[in-house]
J.: 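I have a structure I would like to understand better, so I am pasting it below and will then ask my questions one at a time.
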Amino acid sequence: MELKVVELFAGVGGFRVGLNQIKSFDENTGRAIESNEWEFVWANQWEPSTKAQPAFDCYVKRFGEKNSINIDINKIDKKSIPNHTLLVGGFPCQDYSVARTLSNELGIEGKKGVLWWDIVDTLYEKKPPFILLENVDRLLKSPAKQRGRDFAVILKTLDELGYIVQWRMINAGEYGMPQRRRRVFIFASLKSTKYAKKILKLKNWEKYLKKDGFFNEIFPIKLEECIVEEKSMEAFIDPVDVSENYCYGKFLTTGMFINGKIVNFDVKESFKGNQYTLRKIMNVARSYEISNLENYIITGESLEKWKYLKGAKRIPRIKPNGSEYFYSEGNMSFPEDLDLPSRTMLTSEGTVNRSSHVVYDESINKNRKITEIEAELLQMFPPNWTNTGMTSRQRYFMMGNALVTGIISSLENKLKNIILEE
Ligand SMILES: C[S@@+](CC[C@H](N)C(=O)[O-])C[C@H]1O[C@@H](n2cnc3c(N)ncnc32)[C@H](O)[C@@H]1O
């Protein structure tokens with residue numbers, strides 16, 4: 001099999017940066033310097049909330065117009081997507097409940113605008129042998145009123161499409177990467193692949209998952225500390241049945257799903273390398289910063305405002321029924337601890353916001369916001385990756401939306417070997 005990829009919800013290209021081990025781009029053309037081992041045959045990115053498309057513009061600047069599509073994925077005829085061996089994408093955590101269609105008793109209908117169903121339609125039409133997806137960690141336990149239902153619907157749907165599934169919640173900061181960011185990664189393979197057949201034949205999936213599992217081999221765990229849980233979803237007829245009746249609770253942080261059977265456990269990371277720190281990111285960024293840091297410095301009244309936002313507070317509020325309650329929140333680290341990987345970066349990073357990072361910069365003896373380049377380095381993108389004509393606010397937003405690309409580049413070799421062996 002060839003290394004042909006389709007990137008859905010491509011944003012500014014985090015999966016591609018990771019798979020093609022991109023470290024920089026050509027200063028004159030703006031084009032990424034790629035290993036080109038993985039051929040990206042089709043990439044889709046469309047931002048529904050704005051007319052401007054800065055993420056897509058950035059993608060095109062770095063990778064060119066060929067095969068880059070800026071159309072709502074919902075409007076794409078999935079048959080028109082080229083054949084590929086690997087489908088990748090970071091999709092949002094939405095409501096994955098499904099109902100039967102009124103017109104057709106056998107048809108199923110997810111909520112409108114839920115992007116998971118566009119992934120499903122693509123899989124149905126194109127049957128890529130392998131899939132690698134990313135989502136927020138709460139996917140394993142949402143929604144609050146029916147814990148685990150959404151992920152159970154995803155698993156059951158993939159099962160019906162003929163895939164076996166492995167998943168893992170990975171905190172990049174626990175594996176020598178610069179950001180404490182927990183995300184769930186899902187790797188699925190068609191049952192007809194050699195790779196899946198080998199797993200299907202095994203007698204002991206628990207042993208496989210712990211030692212040779214797709215994720216756990218690359219991101220090692222403390223084997224002696226796993227308490228394995230097994231469950232079966234074989235009794236559920238289809239995704240609608242799962243959506244309506246699933247009641248087994250949340251999924252644990254790593255697991256596999258094969259023919260309706262679940263093996264899963266909570267991982268304890270085991271990493272022997274050095275921790276990457278925010279201080280190190282600031283040092284690396286310094287050599288790239290052309291603008292002076294004046295624009296980022298926080299002093300005087302502004303510093304007081306930040307202190308208030310970051311501090312513990314109890315604020316009286318009124319419920320819709322008129323009764324009073326207290327909204328309370330605790331202290332945030334202020335300024336940030338520079339000897340740790342950063343906290344998770346959100347899309348609001350470029351705004352005055354409790355979750356934005358404020359660092360004490362010893363080179364100027366001042367508190368300041370992190371720079372756009374530091375934000376890029378925290379996600380392991382090349383410096384100035386998003387410096388493609390978008391506003392500063394948008395650059396932070398793109399990084400809040402993206403992923404720690406080092407996770408994908410760490411998995412790349414294993415993924416390549418699996419596909420080339422087919
Ligand atoms: C979580 S982000 C993924 C970011 C990406 N992994 C990266 O490295 O930048 C999801 C992306 O899906 C895009 N998106 C949202 N709705 C979409 C739609 N209907 N069709 C295509 N893309 C969409 C968003 O604009 C956003 O860039």
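One-based numbering, in listed order, for ligands and for the atoms of each.
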J.: Check whether any side-chain N or O of T85 sits under 3.5 Å from a backbone N or O of K4 as a donor-acceptor pair, and report yes or no.
T.: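 It does hold such a pair.
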
J.: For each nitrogen or oxygen atom of ligand 1, which protein N/O atoms lie closer than 3.5 Å, and how far apart are they, rounded to 0.1 Å?
T.:
from     : atom 1 : to  : atom 2 : distance (Å)
ligand 1 : 8 (O)  : G14 : N      : 2.9
ligand 1 : 9 (O)  : V12 : N      : 2.9
ligand 1 : 14 (N) : W46 : O      : 3.1
ligand 1 : 19 (N) : D72 : OD1    : 2.8
ligand 1 : 20 (N) : I73 : N      : 3.0
ligand 1 : 22 (N) : W46 : N      : 3.2
ligand 1 : 22 (N) : W46 : O      : 3.0
ligand 1 : 25 (O) : Q45 : NE2    : 2.9
ligand 1 : 25 (O) : E47 : OE1    : 2.7
ligand 1 : 27 (O) : Q45 : OE1    : 2.9
ligand 1 : 27 (O) : Q45 : NE2    : 3.3

J.: Run the ring-centre check on F334 versus W306 and record whether the distance is less than 6.0 Å.
T.: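 Here the rings of W306 and F334 have centres that are no less than 6.0 Å from each other.
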
J.: Taking salt bridge (charged side-chain N to carboxylate O under 4.0 Å, His left out) as the definition, give me every residue that meets it alongside R393, ordered by chain and number, with sequence neighbours left out.
T.: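 Testing R393 for salt bridge (charged side-chain N to carboxylate O under 4.0 Å, His left out), a comparison that skips the adjacent residues, returns none.
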
J.: Is there any ring-ring contact (aromatic ring centres under 6.0 Å, His included) pair reaching into residues 155-190, and which pairs are they, with sequence neighbours excluded?
T.: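 Only F130-F187, F151-W167, W167-F251, Y175-F219, Y175-F271, F187-Y195, F187-F214 qualify under ring-ring contact (aromatic ring centres under 6.0 Å, His included).
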
J.: Parallel under 30°, tilted from 30 to 60°, perpendicular over 60°: which one fits the rings of Y246 and Y248?
T.: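 The arrangement is perpendicular - the two ring planes meet at more than 60°.
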
J.: Tell me which pairs pass ring-ring contact (aromatic ring centres under 6.0 Å, His included) where either residue lies in residues 16-60, with sequence neighbours left out.
T.: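 Of all non-adjacent pairs touching residues 16-60, those that pass ring-ring contact (aromatic ring centres under 6.0 Å, His included) are Y59-F63.
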
